[in-house]
Amino acid sequence: MRDLRVCFVGDSFVAGVGDPEHRGWVGRLCARSADAGRPLTAYNLGVRRETSADVLARWHAECSPRLALGEDRRVVISLGVNDTTVDDTSVEFGGVRVAPDSSVAALSALLDGVAGEGWSALVVGPPPIADADQNRRIGALDLRFAELCAARDAPYVSVFGSLAECPVWCREVATGDGAHPGAAGYQRLADVVWPAWSAWTETHR
């Protein structure tokens, strides 16, 4: 049997915060993959409130022992919403926690690091929340992430547009904490990611 091991690194959306079933999009994606005949060992390394800079600082130490063995080792990267949060204590551009240029640089460094280990990366873009002003910043960052990944020939899944138009996602985020959906919203996110994930994991490395 193929030994596929995948680390999912990122923020609270990766961790599945808000899901009463405690599966999030990561758990649903992996369960569907197993049902399709492609089982894997998944490591959820999502941390609440973390920015791209935070993930960059820790990803290698956390992924290395988990991907030390295995014939097919991969990393899914998903971050960005926390970068766009306005923080009065921030010295970054526009008062956000991480300036857009720095966010792009962090993602570029992450892709460099994953490639340097000989692993494959898939990037999932940041989703919308229940704040119109922040969504404008998230949407702009999503476009820049997509451009970077296209230039690097790295697979990128933009979820922002699909979820911004998804009534289930928007309703659950608005009735929740303003950022995270419930079980049905995470299912919608998993559905958006599935085609790219399926194509990515079908290919042996």
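In what follows, every heavy atom counts, from backbone to side chain, and hydrogens, waters and symmetry copies are set aside.
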Side chain Asp83, main chain Ser52, donor-acceptor under 3.5 Å
yes
Do Leu40 and Asp72 pass the side-chain contact (heavy atoms from CB on, under 4.5 Å) test, and can you show the C-alpha distance, the side-chain angles, and the key distance before you say yes or no?
CA-CA 10 Å; Leu40 69 149; Asp72 195 342; over 6 Å; no
Might you point out which heavy atoms bring Gly125 and Val159 nearest each other, and give the distance in Å?
O-CG2, 3.4 Å
Could you tell me the separation between the CD atom of Glu202 and the CH2 atom of Trp197, rounded to the nearest 0.5 Å?
11.5 Å
Are Arg32 and Ser198 close enough that a side-chain donor and a side-chain acceptor fall under 3.5 Å?
no
Distance in Å, Asp54 CG paired with Arg49 CZ, rounded so as to fall on 0.5 Å steps:
9.0 Å
Side-chain touch Ser108/Arg152, heavy atoms, less than 4.5 angstrom
yes
For Ala179 and Phe13, which heavy atoms make the closest approach, and how far apart are they?
O-CE2, 3.2 Å
Around atom CG of Asp153, are there more than 12 heavy atoms from other residues, nucleotides or ligands closer than 6.0 Å?
no
With sequence neighbours left out, the residues meeting side-chain hydrogen bond (donor to acceptor under 3.5 Å, both in side chains) with Asp142 are Tyr156, Ser158
List the atom of Val173, the atom of Ala130, and the distance in Å for their closest heavy-atom pair.
CG1-N, 3.6 Å
Could you report the tightest heavy-atom contact between Val17 and His180, atom names first, then the distance?
O-CB, 3.2 Å
Could you grab the distance from atom OG of Ser12 to atom CG of Asn82, nearest 0.5 Å is fine?
5.5 Å
Distance (rounded to the nearest 0.5 Å) between Phe8 CZ and Leu29 CG:
5.5 Å
Student check: side-chain heavy atoms of Trp59 and Leu79 closer than 4.5 Å:
no
Answer yes when Glu71 and Arg2 have at least one side-chain N-carboxylate O distance shorter than 4.0 Å, and no when they do not.
no
Can you find a heavy atom in the side chain of Arg136 that is under 4.5 Å from one in the side chain of Thr84?
no
Apply side-chain contact (heavy atoms from CB on, under 4.5 Å) to residues Arg144 and Leu107 and explain how you reach the verdict.
CA-CA 10 Å; Arg144 294 197 60 181; Leu107 178 56; over 6 Å; no
Side-chain ion pair, Asp191 and Arg28, N-O less than 4.0 Å
no
Give, for atom CG of Leu4 and atom OG1 of Thr41, the distance between the pair rounded to the nearest 0.5 Å.
7.5 Å
Given the rule in the side-chain contact (heavy atoms from CB on, under 4.5 Å) test, do Phe145 and Ser103 qualify, once you have shown the distances and angles that lead to the verdict?
CA-CA 9 Å; Phe145 281 175; Ser103 299; 4.2 Å; yes
Do Arg23 side-chain atoms and Asp19 backbone N/O form a donor-acceptor pair below 3.5 Å?
no
Ion pair Glu50/Arg58, N-O distance below 4.0 Å:
yes
Trace of the side-chain contact (heavy atoms from CB on, under 4.5 Å) decision for Val81 with Gln134:
CA-CA 8 Å; Val81 173; Gln134 187 166 355; 3.9 Å; yes
Could you tell me whether the side chain of Leu111 reaches within less than 4.5 Å of the side chain of Cys149, counting heavy atoms only?
yes
Mind checking whether Glu172 and Arg188 have side chains closer than 4.5 Å, heavy atoms only?
no
Between the CG atom in Leu148 and the CG atom in Leu143, the distance rounded to the nearest 0.5 Å is 12.5 Å
Test Val9 against every option in Asn44, Val75, Val114, Val76 by the side-chain contact (heavy atoms from CB on, under 4.5 Å) rule and name the one that passes.
Val75
Closest non-hydrogen atom pair between Ala53 and Ala106, with its separation:
N-CB, 4.5 Å
Which atom names give the shortest non-hydrogen contact between Pro128 and Asn135, and what distance separates them?
CA-OD1, 3.4 Å
Membership question, hydrophobic clusters at under 4.5 Å side-chain separation (ILVMFWY): are Val47 and Val26 in the same one?
no
Sub-4.5 Å side-chain heavy-atom contact between Tyr186 and Glu21:
no
With heavy-atom distances below 4.5 Å as the criterion, would you say the side chains of Leu122 and Arg74 are in contact?
no
